[in-house]
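Read through the structure below, which is laid out as structure tokens, and then see the notes.
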Amino acid sequence: MLEKREHWGNRFGFILAAAGSAVGLGNIWKFPYITGENGGAAFVIIYLLCIFIVGVPVLIAEVLLGRYSQLGPVTTFRRYARKHKTFWVAAGGLFFLTGLIILSYYNVVAGWSAGYVVESISGHIAAFTSSGDAAVHFQALISSPWWILSFQFVFVLAGGLVVYFGVKNGIEKIARLLMPVFFIILVLLVIWGISLEGSAAGLRFLWEPDWSTVSFNTVLTALGHAFFTLSVGMGVLLTYGSYLKKDDNVFFSGIMIALLDTLIALLAGLAIFTSVFAMGFDPAEGPGLVFNVLPAVFANMPGGSIFSLLFFSLLSIAALTSTISILEMLVSTLLDESNLSRHRVVIGTSAMIFILGIPSALSFGKWSHLQLFGRSIFDVMDYLSANILLPLGGLLVAVFVGWYMQKREVHDELLRGFGDSYGKRRVTAVWFDLVKYAAPVLIFLVFLSAIGVLK
Ligand code: PFF
């Protein structure tokens, strides 16, 4: 229903909410383990290049498109694609689909982190005597359908509740409350990690590159993760941008969001690798890194149970502010395309997300035998969305803003709210070229390499 659109209380509210979307499991759970699997510092450097050459320009383009249209993704394309409308509406549909896929499995891992808050309080984590104990316990939990589905349910419910209250009273309020708490906990964990004896090896792992481990697949992973971590390429930031007023500065807000996200990923990496190395554990543990290895680290440290509680609360907060952003994109798409009320749409979408997430949730236990291309259902969802659908979505945004909109229109929209900073025309011209040429070409090349054309 195209009723009057809600707006953020102010620009800071938008930055916090968008940073809340960007900062998530991607920063604390995924970034450390893919860095661990891909050889440490060399991966971090490629990832940073992907963020700043491709991720940030496309992020700004996506927010700009939303602010321009003041609509959700599908309706934006329906209204503003001058040519090839069917194609672009389908592209909006692809964003919606990507959101459904990501949210369904994202809630599963979010549920684990909420479950581990309970494990920390109940004293289970403090009782581990070795990393073997921690791994066995984790495996037992994630293969128990009851445990996994109930925490997944709690998470879907929490996200649904926030989005039910809308943009200003739900999403913005929760971001203002939780993001500062999040940051304080993270800084405490970093100080703790660095103060551990033997933490220097963790620092070296993050700062000293070993290029021998780098392949095309490393670059694909880095690029996919750049989109994933910034929440770019599926219309979430377009939706958040559509709640911006015309006098907000899209360019600087975009840069702030990316800087916050990158800073937090690096800090999370610091907190995790210093403690993992201090205890002599394996950094290339894979998706189980923060659930298999960290609890054992906490159990063997003085004050570990408090830090364990802090860490899993951190993870849960990060996950919640991201899940609500994806849910909001789905809800806003449906609201703009139908006559339904927000409340009904939130309830229906949340129920659908819970059901869609069940196969991923069970793929660690009861349904672990169900495999596609040698991967579990969960892994297929993750690979498909992060490595293929998000870069593809980013490519679509870049092509739409760079090639389909009129250059004048794009520049006017970007400069609105920009202020009078010196050199702004040059900065915006560079940005435009990155969106128009660099981003599509780089994303395309990485895709070619992924399907084996470029070796
Ligand atoms: N950026 C989030 C993270 O790093 O965990 C995940 C995410 C949220 C991806 C929203 C995509 C999205 F649209």
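One-based numbering, in listed order, for ligands and for the atoms of each.
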- Message: Counting only heavy atoms, tell me which of G393, S322, S231 gets closest to atom 10 (C) of ligand 1.
- Response: S231
- Message: Looking only at side-chain N and O atoms, does S69 offer a donor or acceptor that is under 3.5 Å from a partner on R79?
- Response: no
- Query: Of all the atoms in ligand 1, which lie at a distance below 4.0 Å from a heavy atom belonging to L25?
  - Reply: 5 (O)
- Note on the structure: Distance col, row Y437:OH vs F432:CZ, nearest 0.5 angstrom, shows 7.5 Å
- Around atom 9 (C) of ligand 1, find the nearest protein heavy atom and jot down its residue, atom name and distance. F228 O, 3.3 Å
- Measure the acute angle between the ring planes of F31 and F43, then classify it against the limits of 30° and 60° as parallel, tilted or perpendicular. tilted
- Message: Starting from atom 4 (O) of ligand 1, what is the nearest protein heavy atom, named by residue and atom, and what distance separates them?
- Response: A22 O, 3.0 Å
- Can you label the angle between the Y240 ring and the W8 ring as parallel, tilted or perpendicular, going by 30° and 60°? perpendicular
- Message: With a 4.0 Å cut-off on heavy atoms, is Y106 in contact with ligand 1?
- Response: yes
- Is there a nitrogen or oxygen of G26 sitting under 3.5 Å from a nitrogen or oxygen of ligand 1? yes
- Task: Compute whether any side-chain donor of one residue and acceptor of the other, for Y243 and E328, lie under 3.5 angstrom apart.
- Result: yes
- Task: Mark up the atoms of ligand 1 that fall under 4.0 Å of a heavy atom belonging to M234, in ascending order.
- Result: 11 (C), 12 (C), 13 (F)
- Item | Close-contact set for ligand 1 against S21 heavy atoms, below 4.0 Å | 1 (N), 2 (C), 8 (C), 10 (C)
- Query: Can you find an N/O atom of T229 closer than 3.5 Å to an N/O atom of ligand 1?
  - Reply: yes
- Is there a donor-acceptor pair closer than 3.5 Å between any side-chain N or O of D336 and the backbone N or O of G72? yes
- Task: Consider only side-chain N and O atoms of S231 and S21, and report whether a donor and an acceptor are under 3.5 Å apart.
- Result: yes
